[in-house]
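One structure is given here, and the rest of the page talks about it.
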Amino acid sequence: MLVTGPRGTKDILPAASSNWQYIEKTVRDICRLYLYKEIRTPVFEHTELFLRGIGETTDIVEKEMYTFTDRGERSLTLRPENTAAVVRSFLENKLYAETLLNKLFYIGPMFRYDRPQAGRYRQFHQFGIEALGSKGPAIDAEVIMLAVQLLKKLGLDDLHLYLNSVGCPECRPVYREKLQSYLQEKTSNLCTDCQSRFDRNPMRILDCKKEKCAEQSQGAPQIVDCLCDECSEHFSQLKELLTLAGVEFTLNPRLVRGLDYYTKTAFEIQYAPLGAQSAVCGGGRYDGLVAECGGPSTPGIGFAVGIERILLALEKQNLLPEAANAIDVFIAPMGTAMQGMAFALLCNLRENSITAEMDFMEKGIKWQMKQANKYPARFVAIIGEDEAAQGKVMLKNMQTGVQELVDVNEIQQKIQLDMED
Ligand code: HAM
């Protein structure tokens, strides 16, 4: 019996890989523009990093981690997200000593034991950025702008940016208490998940997708009304900066995000046509995370975009570019005796940066011409016995249909001249 891939994973097949390369290139271009530098960390980390970083009472840590013990009895976890790992690397490699503001980006696979469905996988890919070192709202605005500009550059519209502030360790406990006393009487009407969240993580009740929970928390007090002066000022300035930059946003006091490290700014960008998995980007500020991981207190903010979800959105809007399969020359040897000359020509063209291919299947000329058209090839170099004897090939321009006998040494020049036209 055939062994299939694990549930929730996907192969990126040759026909689709150019779409991934297109997104990755757009990401790299925009990171260059904003001066974010790439960081690559391992796909697995010590489990403790995620327990401390993401929070023990989050869904990710409680239900979704791929945790295993290695042969040395260490508990390791496939990264469910990359912020904690970037912070770990930032500290371990003392990046804070190199510059005051570290602007980093990453692209790579993440792993969550989620229930697979369209737009939700167990291995998925994120592009993310993390800006470590600045506490001011201007960097929040830059981070959000980068996400917005990326999605715009890819051509996506119909996007909505939702914004909230989740406060800080000073004002959040006050809000938490207010929220708990509001929900106290209503707990029996909440789903079982939210009932258990009531004591441990009551703010998560606000973004529960179940209708009955949404009904119960309908008139709940809002965190924005409980922010301390510092958080409140930060939030107003951010809103002002975004307005200045012409970025449209909707305030969503229910946006709390599923990771415990967030402080102040929290945001999400949604693409509604994706239905239940409409969040294409999520992020926020995490001013306590670096200290939580044992480092010098350093503020941070970032986001991650789900690449599979972006691909789904681009597909829906018909925005994916055609794959570039065209080649310059297809070499068609007429018989196996001509293969040596064909191969020598192939090597020579490639050495001169001309995209070339030859027939490796030992087929007849008819099949070879069809194959050349499939790419399509701009030229076909037909090598027959008579031509080969004179050190020449029949070069056919596939656009004009014109054929001419050309010396092998002149082929490269002919093609390059045509490319310049
Ligand atoms: P997150 O909201 O958990 O945030 O994930 C960010 C994005 O990853 C989501 O908006 C979604 O597009 C995508 N995503 C998440 N889970 C899945 C899945 N199972 N299948 C497909 N796509 C998925 C974070 O991960 C934070 N580390 C973001 C961040 C960076 N915050 C600050 N810095």
Side-chain angles (χ1 to χ4, degrees), residues 6-10 12 23 27 36 39 41 45 49-50 53-55 58-61 63-66 78-88 90 102-132 139-140 142-144 146-147 150-151 156 159-162 164 166 204 207 255-272 274-290 292-293 298-314:
R7 196 165 128 75
T9 66
K10 264 186 153 187
I12 299 166
I23 294 181
V27 157
Y36 281 71
I39 181 161
T41 57
E45 296 277 350
L49 175 71
F50 300 118
I54 300 174
T58 55
D59 282 355
I60 294 183
V61 167
K63 307 180 197 164
E64 296 172 4
M65 294 209 304
Y66 278 93
L78 297 183
R79 61 183 184 192
E81 61 102 52
N82 212 25
T83 309
V86 167
V87 165
R88 196 265 311 136
F90 167 82
N102 272 276
K103 305 210 291 188
L104 309 167
F105 83 90
Y106 51 85
I107 305 174
M110 309 293 152
F111 308 85
R112 294 185 194 175
Y113 193 79
D114 247 332
R115 211 153 48 91
Q117 51 193 281
R120 188 193 282 180
Y121 313 99
R122 290 185 173 167
Q123 174 175 316
F124 59 99
H125 297 76
Q126 285 185 341
F127 151 58
I129 69 167
E130 311 295 347
L132 290 145
I139 195 75
D140 302 40
E142 173 178 274
V143 163
I144 294 174
L146 194 156
L150 168 73
L151 299 171
L156 286 173
L159 293 164
H160 288 277
L161 166 65
Y162 294 98
N164 195 19
V166 294
R204 288 289 292 161
D207 77 346
L255 179 67
V256 294
R257 313 265 307 127
L259 304 112
D260 275 359
Y261 50 60
Y262 290 114
T263 53
K264 297 190 173 123
T265 310
F267 67 97
E268 251 173 41
I269 301 178
Q270 304 217 352
Y271 178 70
L274 292 186
Q277 313 308 323
S278 60
V280 291
C281 171
R285 183 165 271 286
Y286 45 88
D287 290 346
L289 182 59
V290 177
E292 182 64 40
C293 292
T298 311
I301 176 157
F303 69 73
V305 159
I307 300 184
E308 283 83 355
R309 291 189 191 175
I310 297 293
L311 271 169
L312 285 173
L314 292 175

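Because only heavy atoms are used, hydrogens play no part in the values below, and waters and symmetry mates are left out as well, while side chains stay in. Index from 1, following the sequence. Whatever order the structure lists them in is the order used to number ligands and atoms, beginning at 1.
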Which option out of [options] puts a heavy atom nearest to [atom]?
{"atom": "atom 21 (C) of ligand 1", "options": "Cys281, Gly119, Gly8", "value": "Gly119"}
{"atom": "atom 24 (C) of ligand 1", "options": "Met110, Arg115, Gln126", "value": "Gln126"}
{"atom": "atom 29 (C) of ligand 1", "options": "Tyr286, Tyr262, Tyr121", "value": "Tyr262"}

Mark up the atoms of ligand 1 that fall under 4.0 Å of a heavy atom belonging to Gly282, in ascending order. 10 (O), 28 (C), 29 (C)
For ligand 1, which atoms have a heavy atom of Gly284 less than 4.0 angstrom away?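 Counting from 1, the qualifying ligand atoms are 32 (C).
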Lys/Arg-Asp/Glu bridge criterion (N-O < 4.0 Å) met for Glu81, Arg112: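 Result for this pair is no, no salt bridge flagged.
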Side-chain contact, heavy-atom cut-off 4.5 Å: [X] with [Y]?
{"X": "Arg309", "Y": "Ser278", "answer": "no"}
{"X": "Pro80", "Y": "Met110", "answer": "no"}
{"X": "Arg79", "Y": "Thr41", "answer": "yes"}
{"X": "Thr83", "Y": "Tyr106", "answer": "yes"}
{"X": "Leu151", "Y": "Ile310", "answer": "yes"}
{"X": "Leu314", "Y": "Leu156", "answer": "yes"}
{"X": "Met65", "Y": "Phe50", "answer": "yes"}

Among protein heavy atoms, which sits nearest to [atom], and what does the distance come to when rounded to 0.1 Å?
{"atom": "atom 27 (N) of ligand 1", "result": "Glu81 OE1, 2.6 Å"}
{"atom": "atom 12 (O) of ligand 1", "result": "Ala279 O, 2.9 Å"}
{"atom": "atom 13 (C) of ligand 1", "result": "Gly306 CA, 3.6 Å"}
{"atom": "atom 33 (N) of ligand 1", "result": "Glu130 OE1, 2.8 Å"}
{"atom": "atom 18 (C) of ligand 1", "result": "Phe124 CD2, 3.4 Å"}

Non-hydrogen atom of [X] closer than 4.0 Å to ligand 1:
{"X": "Gly283", "result": "yes"}
{"X": "Arg257", "result": "yes"}
{"X": "Glu308", "result": "no"}

Would you compute the distance between atom CZ of Phe90 and atom CG of Leu289 and round it to the nearest 0.5 angstrom? 10.5 Å
Which value, rounded to the nearest 0.5 Å, describes the distance between Arg204 atom CZ and Asp260 atom CG? 8.5 Å
Does OH in Tyr66 sit with more than 12 non-hydrogen atoms of other residues, nucleotides or ligands closer than 6.0 Å?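 For Tyr66, atom OH is crowded (more than 12 foreign heavy atoms under 6.0 Å).
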Between Tyr261 and ligand 1, which part of the residue brings a heavy atom under 4.0 Å of the ligand: side chain, backbone, both or neither? side chain
With heavy atoms and a 4.0 Å threshold, my read on which part of Val280 contacts ligand 1 is backbone
Any N or O of [X] that comes nearer than 3.5 Å to an N or O of ligand 1?
{"X": "Tyr106", "value": "no"}
{"X": "Arg112", "value": "yes"}
{"X": "Ala304", "value": "no"}

